Amino acid sequence: MKLGNIIQDSEAKILYGNASDEIIGISCDSRQIQAGWAFLAVKGFAVDGHDYIDAAKKAGATAVISCDRLSLALCAANFYGHPSKKLKLVGITGTNGKTTTVTLLYHLFSYLGARCGLLSTIANYVGEERYEAVNTTSDPITINALMAEMVEKGCQYCFMEVSSIGVEQDRVAGLDFDIALFSNLTHDHLDYHKTFAEYLRCKKLFFDRLSKKATAIINIDDRNGEIMVQNTAAKIVRYSCHSLADHKCRIMEESFEGMLLKIDEKECWTRLIGQHNAYNLLAIYTTAIELGVEVDDCLIALSRLESAPGRLESMMGPRGICVVIDYAHTPDALDNVLKTLRKISPQRQLICLFGCGGDRDKSKRPEMAAIAQKADRIVITSDNCRTENPTEIINDIKAGLSAEGRRKCICIEDRAEAIRMAILTAQDHATILLAGKGHENYQIVGKEKRHFNEREIVETIFKEEML
């Protein structure tokens, strides 16, 4: 592609090279630059790409482009031929449920015979081919490169998580969304956004920027649902479990095996559990209907879905103990999971093991502790302490406990030992929630990412108990 075409309709400027130069690759990382490539120099939060222009030239860069974050996104879309316009692109935003919703949409449409792409926290998929994911919302070059590959390999749909940070940093600028879905908005990412109002504003920007050809799907049981679409040009579709809406759902029956749902007057059995998953499934149903799927086909496909990895994932062990692994790492998510587990097995002892990430929003730590008090026992431990002292993180969490909460709480910094203690001292037939890690198979300590797989740890403890 000609260099001049890459910067078309953006405010990017050519610092080195000519508009007629043929470019075969682009990157904003000077270490990836090869001959024939253009280096996009972007000023980021921690690093200014302009400091690496000489390194890019030495690596053989044919051109250097200076751009801000918006121009980066537009240049990436130009270079890859605007692949989002050749796909049915669905973006999901909200505090909780993004990963579950996009993953299940990917599986539902795949089951219905469509070839799909997925951009999520857990992994990215082009058809059946898996690529590791680094961020909830990748950088614009990665997004457009993956979408271009989806188009090349015959994908019809792409389902994508859209984070508030990704919106604010223009990572999704220049993408042509057919559907934007809002799930909910609760306490998270205030280490970045500083205030809830700013967090809400960034989420709302996603809907403000939709075209009139798009559809905005909102959960009106969340008080922020209607706020999201105040200024959107898109068609608005509403879903609810408690109010009048375009699409409605309620739980008829529930057990550890699944739920019987009534969706728009038709019943559907699902293997997922919990009110929050009723919302997720209703969002998926609404999206599928808006994309033209027949109702009965959609309900049959819903009944075949299984939860995303690390979302209410249960493991049965000796003495009738059930360990549930869930990614719940926000106050609202933890509250939802504990309510679900208590509702399904009210007679079982309920143990909640959790921690909070280091170098992240400190204000939610005591809130998490206050919510954990719904359990019969609490185990506070480490969860990606990063560069913070884990003992100080635990102390921040403990500040949210009442006197009664402190009496039923134990703190064990080593997460593996905390899991072992929780299982070995649990009553027969207890339910033990391991919250916060979910699909993650690592712990981040300092700058180091260490292997840490809760499933492996639980399986080892179960085997030891059976000896």
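In what follows, residues are counted from 1 in the order of the sequence shown. Note that the structure is a prediction, hence the values are computed from the model and not measured. Values below: every heavy atom of this structure, side chains too, minus hydrogens, waters and symmetry copies.
For K437 and Y442, the positive end sits near the middle of the six-membered ring, less than 6.0 Å away and at most 45° from its axis.
Side-chain contact of D414 with T381: a donor-acceptor pair under 3.5 Å is absent, judged by distance alone. At a cut-off of 3.5 Å, with distance as the only test, a side-chain donor of R377 or T425 sits close to an acceptor on the other residue. Between the side chains of E161 and T99, at least one donor N or O sits under 3.5 Å from an acceptor N or O. Q427 and D376 form no side-chain donor-acceptor contact under 3.5 Å, judged by distance and modelled atom types alone. A donor and an acceptor atom, one from each side chain of Y80 and E149, are nowhere located under 3.5 Å apart.
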Salt bridge (Lys or Arg N to Asp or Glu O under 4.0 Å), that's the test. Do K153 and E129 meet it? Break it down for me. CA-CA 10 Å; K153 294 186 176 176; E129 191 168 354; 3.0 Å; yes
If you apply the rule salt bridge (Lys or Arg N to Asp or Glu O under 4.0 Å), what do you find for R209 with D170, and how did you get there? CA-CA 11 Å; R209 294 170 177 172; D170 288 320; 3.4 Å; yes
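With T330 contributing its side chain and A333 its backbone, the two residues share a donor-acceptor pair below 3.5 Å. Side-chain N or O atoms of K98 include one that pairs as donor or acceptor with a backbone N or O of G94 at under 3.5 Å. Without hydrogens or angle criteria, S10 side chain to S71 main chain gives no donor-acceptor distance under 3.5 Å.
The closest side-chain heavy-atom distance from N96 to H276 is not below 4.5 Å. Annotation: side chain of I397 is not in contact with side chain of N395 (no heavy-atom distance under 4.5 Å). Counting only heavy atoms from C-beta outward, the side chains of Y279 and N184 never approach each other to under 4.5 Å. When side chains are defined from C-beta on, I412 counts as touching M421, because their heavy atoms get closer than 4.5 Å. Counting heavy atoms from C-beta outward, L401 and C409 have side chains that approach closer than 4.5 Å. Side-chain contact between C158 and M147: present, with at least one pair of heavy atoms (C-beta onward) separated by less than 4.5 Å.
By the salt bridge (Lys or Arg N to Asp or Glu O under 4.0 Å) test, E128 pairs with R115, sequence neighbours left out. R386 meets the side chain to side chain donor-acceptor pair (under 3.5 Å) test with no other residue; sequence neighbours excluded. With sequence neighbours left out, the side-chain contact (heavy atoms from CB on, under 4.5 Å) criterion links N441 to N453.
Between G400 and Q373 the shortest heavy-atom distance is O-NE2, 4.2 Å. Of all heavy-atom pairs between A278 and L261, the closest is CB-CD2, 4.2 Å. Between I33 and G60, the shortest heavy-atom contact is CG2-C, 4.4 Å.
One finds no salt bridge joining K58 and D54 here, because no Lys/Arg side-chain nitrogen approaches an Asp/Glu carboxylate oxygen to under 4.0 Å. A salt bridge is absent between E257 and R271: the closest approach of a Lys/Arg side-chain nitrogen to an acidic carboxylate oxygen does not fall below 4.0 angstrom.
The CG atom of N224 sits 11.0 Å away from atom NZ of K203, with the distance rounded to the nearest 0.5 Å.
Test F159, F207, F206 against F177 for ring pair (Phe, Tyr, Trp, His ring centres under 6.0 Å) and you get one pass: F206.
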